[in-house]
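Contents: one structure, followed by commentary.
Values below: every heavy atom of this structure, side chains too, minus hydrogens, waters and symmetry copies.
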Protein chains: 2
Amino acid sequence: MYEKIIKEKGLSLTKKRVDILRTLDINKKPLMIDDIKKKVKTKMDTSTIYRSLKVLVDSGLVYQTDFREGVSYFEFHGENGHHHHIICTTCKKRESIDICMDKAFPSLEKKTGYKITNHIFEIFGLCKTCLK
Amino acid sequence: MYEKIIKEKGLSLTKKRVDILRTLDINKKPLMIDDIKKKVKTKMDTSTIYRSLKVLVDSGLVYQTDFREGVSYFEFHGENGHHHHIICTTCKKRESIDICMDKAFPSLEKKTGYKITNHIFEIFGLCKTCLK
DNA sequence: TTCATTTTTGCAAAAATTTGCAAAAAAATA
DNA sequence: TATTTTTTTGCAAATTTTTGCAAAAATGAA
Ligand SMILES: [Mn+2]
Ligand SMILES: [Mn+2]
Ligand SMILES: [Zn+2]
Ligand SMILES: [Zn+2]
């Protein structure tokens, strides 16, 4: 399962990477490094988690995002496609949103010559409650 | 000038904030904390730069972005509107792009109840050279 | 301007993230 | 499978970013 996903991206298959990917998938929400370290089955050094995630993010398997809380969050975006978030800069509340401009990517690839692998898109503002 | 811009956002006006904003504006490209610390006219503690930028970013005056180089970059997006980037994950080269979906924000504000102040959008991939 | 109140800044310490290097694991070759 | 080569991992150290607190600066009301 996760083995297949990792191999298909041309990455070397390691137990740690499988473990991290499965952890993100099962939890169905953005996790930070400490969360991952606790939830993972294998004992794993923090630097290994950072380095493994870098590979998974660059390949497009994992979405890395910055909610401006001082730590990075990571989320598995599987079969059902990816999504982005809207975050309140005051109370830090966040919701998923379903808008994205990935439809424009093919023409952008043509224009720039890049092969696009992933992107980050997050919206910040004030939520209904904090506006009052 | 920068005084006016800062006041209009309802932020308190300090010499450091003006200094940082002017530095970003003059340089016309993303700067990292160390760049800013060197280029700024006033001697300024690093933590002050971080904290000042946080305020400027949340207000929407400054664009904070992550090129995945291990440091944050900051760029002033003034009158002429903002822009985003496409970054090569291999050689770290980056270019400005002119696509954005901020036209969709009014309906998103209506749907979510948020007052949107800013957003981050960055595209990653492999450049023409690194694809070979 | 003066005084009281709120916000920002500098400094030191803490926390998050990255990096160099040798050992371990995975991939490639035979 | 056995051997060789390449990549990943753990550990320690370095770098980047955040935070608590007291002093300084900015704001707002006399
Ligand atoms: Mn999400
Ligand atoms: Mn730019
Ligand atoms: Zn809020
Ligand atoms: Zn490249």
Spatial distance of atom CZ (A/Phe67) from atom NZ (A/Lys93) [nearest 0.5 Å]:
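With rounding to 0.5 Å, CZ (A/Phe67) is 14.5 Å from NZ (A/Lys93).
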
For the CD1 atom of B/Ile36 and the OH atom of B/Tyr73, what is their distance to the nearest 0.5 Å?
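Interatomic distance, B/Ile36 CD1 to B/Tyr73 OH, rounded to 0.5 Å: 10.5 Å.
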
List for me each residue that meets salt bridge (charged side-chain N to carboxylate O under 4.0 Å, His left out) alongside B/Glu8, sequence neighbours excluded, and say none if there are none.
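Listed in chain order: B/Lys4.
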
Quick one: list whatever passes salt bridge (charged side-chain N to carboxylate O under 4.0 Å, His left out) with A/Arg22, sequence neighbours left out.
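Salt bridge (charged side-chain N to carboxylate O under 4.0 Å, His left out) check on A/Arg22 returns A/Asp19.
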
For the side chain of B/Asn118 and the backbone of B/Ser59, is there at least one donor-acceptor N/O pair under 3.5 Å apart?
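Checking the backbone N and O of B/Ser59 against the side chain of B/Asn118, no donor-acceptor pair under 3.5 Å is found.
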
Would you find a donor on one side and an acceptor on the other, under 3.5 Å apart, between the side chain of B/Thr117 and the backbone of A/Phe124?
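Indeed, once roles are kept as given, a pair shorter than 3.5 Å links the two residues.
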
Axis bend over the full length of the helix from C/dT1-D/dA30 to C/dA30-D/dT1, computed from five pairs that close each end, to 10 degrees:
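For the helix from C/dT1-D/dA30 to C/dA30-D/dT1, the axes at either end differ by 60°.
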
With a 4.0 Å cut-off, would you call A/Lys29 and A/Asp35 a salt bridge?
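No, A/Lys29 and A/Asp35 are not salt-bridged.
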
Just call it for B/Arg51: base, sugar-phosphate, or nothing, with non-hydrogen atoms closer than 4.0 Å on any strand.
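If one applies the 4.0 Å heavy-atom cut-off, B/Arg51 turns out to touch a base.
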
Is the distance from the ring center of B/Tyr63 to that of B/His82 below 6.0 Å?
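No, the ring centres sit 6.0 Å or more apart.
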
Do [X] and [Y] touch side chain to side chain, with heavy atoms closer than 4.5 Å?
X: B/Ile86; Y: A/Ile116; result: yes
X: B/Ile20; Y: B/Thr48; result: no
X: A/Val55; Y: A/Arg17; result: yes

Start at the 5' end of DNA chain C and walk down; is the nucleotide closest to B/Val71 or to B/Thr46 reached first?
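Here B/Thr46 is the residue nearer the 5' end.
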
What range of DNA chain C does chain A touch, first nucleotide to last, counting atoms under 4.0 Å from its heavy atoms?
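Nucleotide range in contact with chain A: C/dA16 to C/dA27.
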
Mind running a 4.0 Å heavy-atom check of residues 20-33 of chain B against DNA chain D and sending the residues that fall below it, in number order?
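Nucleic-acid contacts, sorted: B/Ile33.
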
Which pairs, protein N/O on one side and nucleotides 25-27 of chain D N/O on the other, fall under 3.5 Å?
| unit_1 | atom_1 | unit_2 | atom_2 | d |
| --- | --- | --- | --- | --- |
| D/dA26 | O3' | B/Leu13 | O | 3.3 |
| D/dT27 | OP1 | B/Leu13 | N | 2.7 |

Aromatic plane relationship, A/Phe121 with B/Phe105 - under 30° parallel, 30 to 60° tilted, over 60° perpendicular
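Rings of B/Phe105 and A/Phe121: parallel, under 30°.
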
Kindly indicate, with the supporting measurements, whether the criterion side chain to side chain donor-acceptor pair (under 3.5 Å) is fulfilled by A/Lys37 and A/Thr46.
CA-CA 7 Å; A/Lys37 183 157 192 169; A/Thr46 305; 2.8 Å; yes

